[in-house]
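Whatever order the structure lists them in is the order used to number ligands and atoms, beginning at 1. Because the structure is a prediction, the values reported are computed rather than measured.
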Amino acid sequence: MDSALPTTQANAAETSGSNRRDTVTITDNRTGKSYEIPITHDTIRAMDLRQIKVNPTDFGMMSYDPAFNNTAACISRVTYIDGDIGILRYRGYPIEELAEKSTYLETAYLLLHGELPTASELRDFQQHITQHTFIHESFKKLSDGFHYDAHPMGMLISALAALSTFFTDAKDVHNAESRRKQMYRLIGKMPTIAAFSYRHSLGMPFVYPDNDLSYPGNFLNMLFRTSETRYRPNPTLEHALDVLFILHADHEQNCSANTVRGVGSSYVDPYCATAAATAALYGPLHGGANEEVLRMLMEIGSVQKVPEFIKRVKEGEVKLMGFGHRIYKNYDPRARIIKRIAYEVFDLMGKNPLLEIALECERIALEDEYFIRRKLYPNVDFYTGLIYQSMGFPMTMFPVLFAIPRMSGWLAQWEELLLDPEQKIARPRQIYLGHDTRSYVGIDQRS
Ligand code: ACO
């Protein structure tokens, strides 16, 4: 038996209690050889498969896992999800408790540092973020270069990449102090860039940050201030936005977190790495879904037309946007909290007319065999669009509202990657099924 461990006779079915060995034995039926492979945290290392060979010159066995359905690419201590029972925790704290008792900036601190801050640590952190809310005046020129109807996500992605040209010290990714500074800058500047892109689309002058306001309050100020001498955010909307920011702050190894890790593994600066993550978030299957949900509800048009639309979903013609999740096979815990917040906003701003259509979609889907069998439940994006619309945001801003708070999660994932001695540049393998060698054929000889 070839072994990654000291070899003994393996029979997993018969071992238990003190005899239990945390290994798995794989027999290669091509050669009859057995390999005993260690199991840690219910996982085997893909590299342990490499010893499985038909002959010594073989490359060795790999695992094939398109879309990473069953591959852990890192060890993380940031966010925990149990998708079967609908649990989400940041650094061990349940999302429900954070949404009720914390603020976005405190949660961002928690994600980045691993612990909740003391009062003075929080004051310091807020102070640092606030100091970094302003952006260079050249940014106005950059914004002016965009077409009047440019999608704000496209502008945000470009602006983040452009920031790397302003802060060249950010290249020093192995310097803890430098990393911290870029984190303050990125979290501080996200609302400013987002608000500038919104004002650009309206042709309105940019509003500079008011650092006496809270993080979400200042964002509302930069978005909506018109002729007031001093903008006073509505406390219900300010609170709703803060809770939404907490709920969106991180979500373990999703498409954009995987992107920030993949791109960050080349040691590029965090502005470029988070620009790439923002691009990943923009897609309609990820953070762009909230925008798509609203378009879908408008297309459905009335409660009476919901059954007809659900029929089209079941026939595979369209998707029920805002439903389904790679990890959650139960109600997304964030969707529950968002539904509650939605009513607080509707009480203030009036009920969103699309709400009844959304509720009917949810009611039918939750009782329908198609959705039950596939474990499709509302995800975070199903109700957020309705709240954002009631708060006065245009649809194109919805993914931006997701990206602003997700910055803290991306940065926590990025730093964890850099500090992990096991990580290297991300470089998956492939199974090559293309042509074998063939000789070049001159253009005049091709048929
Ligand atoms: N509507 C209808 N059917 C669906 C939906 C949906 N929203 N989502 C999944 N399904 C079906 C699939 O067609 C598939 O059916 P099949 O087994 O008959 O082929 C089955 O459910 C499994 O779906 P997959 O696509 O394999 O699931 P996967 O984990 O790859 O995709 C995803 C997850 C992308 C979120 C998917 O559910 C989806 O497209 N949802 C709509 C978009 C959306 O709301 N995205 C936001 C996700 S949350 C976030 O990123 C913040």
In this structure, does ligand 1 have an atom that sits under 4.0 Å from one of the heavy atoms of Asn254? no
Can a protein heavy atom be found under 4.0 Å away from atom 32 (C) of ligand 1? no
Ion pair check, Glu96 and Arg340, cut-off under 4.0 Å: no
Would you call Glu315 and Arg312 a salt bridge, taking side-chain N to carboxylate O under 4.0 Å as the test? no
Answer yes or no: does an N/O atom from Lys319 fall short of 3.5 Å to an N/O atom of ligand 1? yes
Are more than 12 heavy atoms from other residues, nucleotides or ligands located less than 6.0 Å from atom CE of Met47? no
Do protein heavy atoms approach atom 26 (O) of ligand 1 to less than 4.0 Å? no
Is the NZ or CZ atom of Arg374 positioned over Tyr370's six-membered ring, under 6.0 angstrom from the centre and within 45° of the axis? yes
Applying a strict 4.0 Å limit to heavy atoms, is Phe402 in contact with ligand 1? yes
Could you list the atoms of ligand 1 found under 4.0 angstrom from a heavy atom of Gly322? 43 (C), 44 (O)
Out of all atoms in ligand 1, which are within 4.0 Å of some heavy atom of Val380? Include the element for each. 51 (C)
Region of His325 that comes within reach of ligand 1 [heavy atoms, distance under 4.0 Å]: both
Closest non-hydrogen protein atom to atom 10 (N) of ligand 1, residue and atom name please, with distance? Leu376 CD1, 3.7 Å
Can any side-chain N or O of Arg91 pair as donor or acceptor with the backbone N or O of Leu116 at less than 3.5 Å? no
For ligand 1, does Arg326 get within less than 4.0 Å through its side chain, its backbone, both, or neither, judged by non-hydrogen atoms? both
May I ask you to decide whether Glu362 forms a salt bridge with Lys339, counting only side-chain N to carboxylate O separations under 4.0 Å? yes
Could you find the nearest protein heavy atom to atom 21 (O) of ligand 1 and give me its residue, atom name and distance? Arg374 CD, 3.3 Å
In terms of residue, atom name and distance, what is the protein heavy atom nearest to atom 35 (C) of ligand 1? Gly324 O, 3.7 Å
protein heavy-atom neighbour closest to atom 2 (C) of ligand 1 works out as Val313 CG1, 3.5 Å
In the complex you have, is atom 40 (N) of ligand 1 within reach of the protein, judged by whether a heavy-atom distance drops under 4.0 Å? yes
Give a yes or no on whether atom 37 (O) of ligand 1 lies under 4.0 Å from any heavy atom of the protein. yes
Please check if atom CZ in Arg30 has more than 12 non-hydrogen atoms from other residues, nucleotides or ligands closer than 6.0 Å. yes
Contact bool for atom 8 (N) of ligand 1 (protein heavy atom, d < 4.0 Å): yes
Starting from atom 47 (C) of ligand 1, what is the nearest protein heavy atom, named by residue and atom, and what distance separates them? Asn379 ND2, 3.6 Å
Please determine if His286 has a nitrogen or oxygen closer than 3.5 Å to a nitrogen or oxygen of ligand 1. yes
Tell me whether atom 50 (O) of ligand 1 lies less than 4.0 Å from at least one protein heavy-atom position. yes
Are any of the side-chain nitrogens in Arg89 or Glu97 under 4.0 Å away from the carboxylate oxygens of its partner? no
Any Lys/Arg nitrogen of Glu299 or Arg295 sitting under 4.0 Å from an Asp/Glu carboxylate oxygen of the other? no
Lys/Arg N to Asp/Glu carboxylate O, Glu415 vs Arg180, below 4.0 Å: yes
Which ligand 1 atoms, with their elements, are less than 4.0 angstrom from a heavy-atom of Ala289? 43 (C), 44 (O), 45 (N), 46 (C)
Can you report which non-hydrogen protein atom sits closest to atom 42 (C) of ligand 1, along with the distance? Met321 CE, 3.5 Å
Show me which atoms of ligand 1 lie under 4.0 Å from any heavy atom of Leu320. 1 (N), 2 (C), 6 (C), 7 (N)
Under 3.5 Å, is there a donor-acceptor pair linking the side chains of Thr133 and Asn211? yes
When you measure from atom 3 (N) of ligand 1 to every protein heavy atom, which one gives the shortest distance, and what is it? Tyr370 OH, 3.0 Å
Which atoms of ligand 1 have any heavy atom of Leu285 under 4.0 Å away? 39 (O), 45 (N), 46 (C), 47 (C), 50 (O)
Is the closest basic N to carboxylate O distance between Glu317 and Lys311 below 4.0 Å? no
Quick one: do Lys181 and Asp172 make a salt bridge, cutoff under 4.0 Å? no
For a salt bridge (charged side-chain N to carboxylate O under 4.0 Å, His left out) check, start with the C-alpha distance between Lys319 and Glu292, then their side-chain angles and the critical distance, and finish with the verdict. CA-CA 10 Å; Lys319 273 192 172 176; Glu292 296 303 318; over 6 Å; no
